[in-house]
Amino acid sequence: MLNTTELLAIPALPLIASLIVGLFGWALKEKLSHTITTGSVILSAVLSVHVFTQVLGGASFYGNFWTWMLSDTFVVPVGMMIDQLTAIMMITVTVVSACVHIYTIGYMHGDPGYSRFFSYISGFTFSMLVLVMGNNFFTLFFGWEAVGLVSYLLIGFWFNRESANFAALKAFIVNRVGDFGFLVGILAIWYYFGSFDYREVFAAVPAFVAQGDTLHLFSWEMSAITFICLSLFIGAMGKSGQVPLHVWLPDSMEGPTPISALIHAATMVTAGVFMVARCSPMFEYSETALAAVILVGAVTAWMCATIGLVQNDIKRVIAYSTCSQLGYMFVACGVSAYSVGIFHLMTHAYFKALLFLAAGSVIHAVMAEQDIRKMGQLRKYMPITYITMLIAALALSGVPPFAGFWSKDLIIESVGVRELGWIGDFAYFAVLSGVFMTAFYTFRMFFLTFHNSNRVPEKTRSHLHESPKVITIPLMILAVGAFASGAWGVLGLDIANPEIVNGYFGTSLFVLDVHNPLLAIAEEGHHAWYHFVFSAPFWLAIGGIGLAFAMYFRETDMPGKLATAAKPVYTFLLNKWYWDELYERILMRPAQCLGNILWQKGDLGMIDKGIIHGGVVGGVLAGMTRMRDAQTGYVYHYAFAMVIGVFGALTYLVLKG
Amino acid sequence: MDLNNVLGFPILTWSIFLPTLGAILIWLFVSNEKAVRWSALAVSVATFLLTIPLWLSFDNSTAHMQFEEFHPWIEAFNVNYRLGVDGISMPFILLTSLLTVICIVSAWDCIKTRVKEYMIAFLILETTLIGVFASLDAILFYFFWEAMLIPMYLIIGIWGGKNRVYATIKFFLYTLAGSVLMLVAVLAMYFKAGQTFDIQALMAYPFDFDWQFWVWIGFFVAFAVKVPMWPVHTWLPDAHTEAPTAGSVILAGILLKMGAYGFLRFSLPICPDASQYFVPFIVVLSLIAVVYISLVAMMQTDMKRLIAYSSIAHMGFVTLGTFMFTQQAVEGAIYGMISHGFVAAALFLCVGVLYDRMHTREIGAYGGVVNVMPIFAAVMMLFCMANVALPGASAFVAEIMVLAGTFSADQLYGMVISSKWVAVMAATSVVLSACYTLWMYKRVIFGDLVKDEVKAMPDMNMRELGFFMPLIVLVIWLGIYPVPVLDVMHTSVANLIVQATASKLPAADLLAQAEMLQHAVTH
């Protein structure tokens, strides 16, 4: 058993720090604000690592602390469950958060909202910890909504920018569409299982599936477990930026860069993947839901990679890459390789957070310019940023022995060995071609930023410099993770070891033997250390980097020629497949139009003008309005109406006898 | 006077009439405006403190009426002064006494003309509102219900905005039309049930289906106007827009609750068979309230009108929960009313704060307010998020309980689709409420500071922060620890559900009705 006080302290520390700095930030100096919050998050990270080591040793925790809501059979407890899945999420969240806190000290220095920012990110750390540490669906939902709120506040952090406010609103509303599904899923779980508790629900799933409950809508029928899983997955799609709910994630880049790294890359957006993995005992029993997870993940992985190819905003390239990588994680979950999905989540958290923070360092140096066409040759000025970003880029592209290689390779192999019909084939194509595109756009961005010709405007050039230590140290810490976390996962945590089901994750994930791709991989004998040399992903990654090298390492006219030659495709990708325009046409404008019609024609036209003004009441109303005197006449009418009423009632009763 | 009371004094009578007594004393003896304000505040605080023992000494384990008082009134017609509360009505009395204090503080500086009359109107309004929730005699209930109209009418009509005359008359006629039908229903029951107005006796009397049907409709019109339900809701946006801030607070906070309270106190237990019969009807109207009204709310350009529409949408949840006859749904509905009492009140107060500075409610006139009023922006953000029903805010508890209760209601009397799909449709409010609330917030609070008038706005003063404080505490407390409030309701609601799901009809009639329902479903 783990120590309860220690476990409670992990989320409580950032919460308390967030409240202190949030409420009294106006009275605190910058130094005090960041010391309180950063200190508490570092402490929480240290405790998380301690908990993790105990979990490695076989410890776990399960318990309820108090009852949130209670009504008859509707019991909502607040409790914690610490197992292998939780523990790895905890260290990922707190370590990345601690790095981002330190980084922020340098990055946000001098911003008028300095302490507010620290209050938000600490509050975020608390919410995310609640999300992963809870032992029931409601605690999960609480954290889920809380991270959404903080995300909204941080995207709109610079509230004077119209684009930031719009992006914040968009993020919140699109996420709410997902939450709608999630909420319905939770209600269905309570209805069918009579509980919100993970253990109770998961234990009851096999019997429940055997019982074969279905849902009906008119003549349409669906099995209850599929309904639950699909509803939950809608929630995951919203939070994790999956098509068609991905539109908010690239726009969320309006927020300050540290939160792009923390919230919109490393932690919050992966909550959907975490949730699907957590609910693996349910998803395993619904082939339909798993197929939906694969399909959505594969489409997102592929589509967002194509968009990433042509974007010119450094943060947007990375943002589309995030969407795409989240798609990979969902594909992994969909083919029942949950442990691999979470593994990729972890490696991705390190290298993607690093990529963003390094990008932030670049943006800082070139005076808030984000267009990679106005950068170039920056390696000369910022060597540490250059090296760390190179590590992150290699990890993202899947080059061995960097972290991303280990996890991504396992995902692709897992998809390859499962036989899932056309969805499986499509997913395999998507993740494979995705590797090539990922390597290409990552290095396109990398070369344009650090190599190629120096296109930095004259007046900024004198300002170019390496960022201070407070920024570069977190980069170096994360670089260790981006380099080593992959090898550590495979070699230290047995993620790919078929002899231990789910490797390190053990019983915290559930997978049916017939689904388990790792068993199949082992049968095909793939797992020699040098096997990558013979595998397609490795060569695709090398190919992508090579093409980027040819086109962008030095200034060439190839990119321009290519864009002109394939103009329709280029425009289509540059405009992000026109999703925003589509939603504007089919959702936003019709909804506003409908709202106006209902108001003007329905409320004002039909009800007010038609019925009220047109009827008897209208006569009285018009007469009284003309009198222009509110204070005479009302007693009279009042008494009159009462008498009429009594009279009418008596008449009715007399007639009725 | 019969007194059945652990406290040893007629606490309900005192709670009802202390504000009036205070109002009379102020009317007679206080003339200085400042003194009027302070004495009105003293009276309202005293009333609030007086109502607290209702909660502290409340016995959660029984569904019987508590703190009962009985006194013959008009003996010729068997009209009695009969008071009492159960777990359904008691929370509303506390809500009323607390919101009245906040209303009086909020009107401190903004009401400059006829301060004395204003305060007196509010205190008398408090009397009638508490009276409504404490009455156990139908005529007494009706008396308070109607009497409430007069001070409310005056508050909007005298201290209201430009278009107040139109709004007051509309408000008055709508509610009056409803009340008249309620009176007819009350009288009809009186004669049928052996000349009694005792609500508990009426609950027990086995009315046949036809009687229930017509009585239910009579009540329905009265209550639906008050809730308000679509399509008799159009008086509310007008009344809210024209009412002074405190008027809107009390209107949204308490008055709207009277309608849904009426359903719980009269329609469900007295006409259970008719209530079941009308479930599909109520469900459709409630869903219209959630979806249609939310879309209308989104397009409003006047902040108060927007919040008024949002109130109607939230009340759609309340009526939906009321007619689901499950423990969670009914408790969620009651909890939703309490929660909405605080959240909507707070949002109207927010608009009031802006209005006091700019004298306009147009969303377009604002923008970038956060630059000059950061504290206000934070407070309003909190209440907007509560309005969106984010977990941690009271509204979330209410919404989730109504949805859970609806989802699990299963068999909806005579509905063609399962209650699950009704819950799914109602859950769209998760998205819609975010659209209209946060879009308004964005346009008013965020953005660059370009308008000169906005630049000159000072942040909130201590008095303003003072009346938001209790609301902030309550919204969060009710959001994270609702159990004490829910505990008060459990037994009474369970009892109500037994009453509402049991039939008052003899077995033969039941069979006929079942066939009728079957008929309705198959066609």
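Per chain, numbering begins at 1; letters A, B, ... match sequence-line order. Model, not experiment: these values are computed from the prediction. Side chains included, hydrogens not; waters and symmetry mates left out as well; all remaining heavy atoms used.
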Using a distance-only test with no angle check, is there a side-chain donor-acceptor pair under 3.5 angstrom linking B/Glu331 and A/Ser71? yes

dist A/Leu187:CG -> B/Ser408:OG (nearest 0.5 Å) comes out at 9.0 Å

Segment of A/Ser231 engaging chain B (4.5 angstrom heavy-atom cut-off): neither

Where on B/Thr326 is there a heavy atom nearer than 4.5 Å to chain A: the side chain, the backbone, both, or neither? neither

Under 4.5 Å from any heavy atom of chain A - which part of B/Ile400: both

Turns out that what part of B/Ala329 lies under 4.5 Å from chain A's heavy atoms comes down to neither

Treating B/Tyr292 as the side-chain partner and A/Leu598 as the backbone partner, does any N or O pair qualify as donor plus acceptor under 3.5 Å? yes

Quick one, A/Val184 and B/Lys420 - any side-chain contact, counting heavy atoms below 4.5 Å? no

Heavy-atom distance under 4.5 Å to chain A: side chain of B/Trp439, backbone, both or neither? both

Pick from A/Phe74, A/Trp68, A/Trp26: which one has the most heavy-atom pairs with chain B under 4.5 Å? A/Trp68

Between B/Met489 and chain A, with a heavy-atom cut-off of 4.5 Å, which part of the residue counts as in contact: side chain, backbone, both or neither? neither

Student check: side-chain heavy atoms of B/Asp448 and A/Glu162 closer than 4.5 Å: no

Do A/Trp599 and B/Met298 come close enough that some side-chain heavy atom pair is under 4.5 Å? no

Does a sphere of radius 6.0 Å around CZ in A/Phe24 hold more than 12 heavy atoms from other residues, nucleotides or ligands, not counting ones at 6.0 Å or beyond? no

Of the listed residues (A/Ala188, A/Ala146, A/Gly156), which shares the most heavy-atom pairs with chain B below a 4.5 Å separation? A/Ala188

Cut-off 4.5 Å, heavy atoms of chain A, and the answer for B/Leu486 is side chain

Picking from A/Asp179, A/Val76, A/Leu594, A/Leu215, which has the most non-hydrogen pairs under 4.5 angstrom with chain B? A/Leu215

Taken in chain and number order and not counting sequence neighbours, the residues that satisfy side chain to side chain contact (heavy atoms under 4.5 Å, CB included) with B/Pro484 are B/Trp55, B/Trp477, B/Tyr481

Straight-line distance of A/Asp603 CG to B/Met299 CE, nearest 0.5 Å: 13.5 Å

Compile the donor-acceptor pairs under 3.5 Å between side chains in residues 165-177 of chain A and protein atoms, sequence neighbours left out, one pair per line.
from	atom 1	to	atom 2	distance (Å)
A/Asn165	ND2	A/Phe159	O	3.0
A/Asn165	ND2	A/Arg161	O	3.3
A/Lys170	NZ	A/Asp251	OD2	2.7
A/Lys170	NZ	A/Asp580	OD1	2.9
A/Asn175	ND2	A/Ala171	O	3.0
A/Arg176	NH1	B/Val388	O	3.2
A/Arg176	NH1	B/Val430	O	3.2
A/Arg176	NH2	A/Glu145	OE1	2.4

Could you tell me which portion of A/Tyr192 (side chain, backbone, both or neither) has an atom closer than 4.5 angstrom to a non-hydrogen atom of chain B? side chain

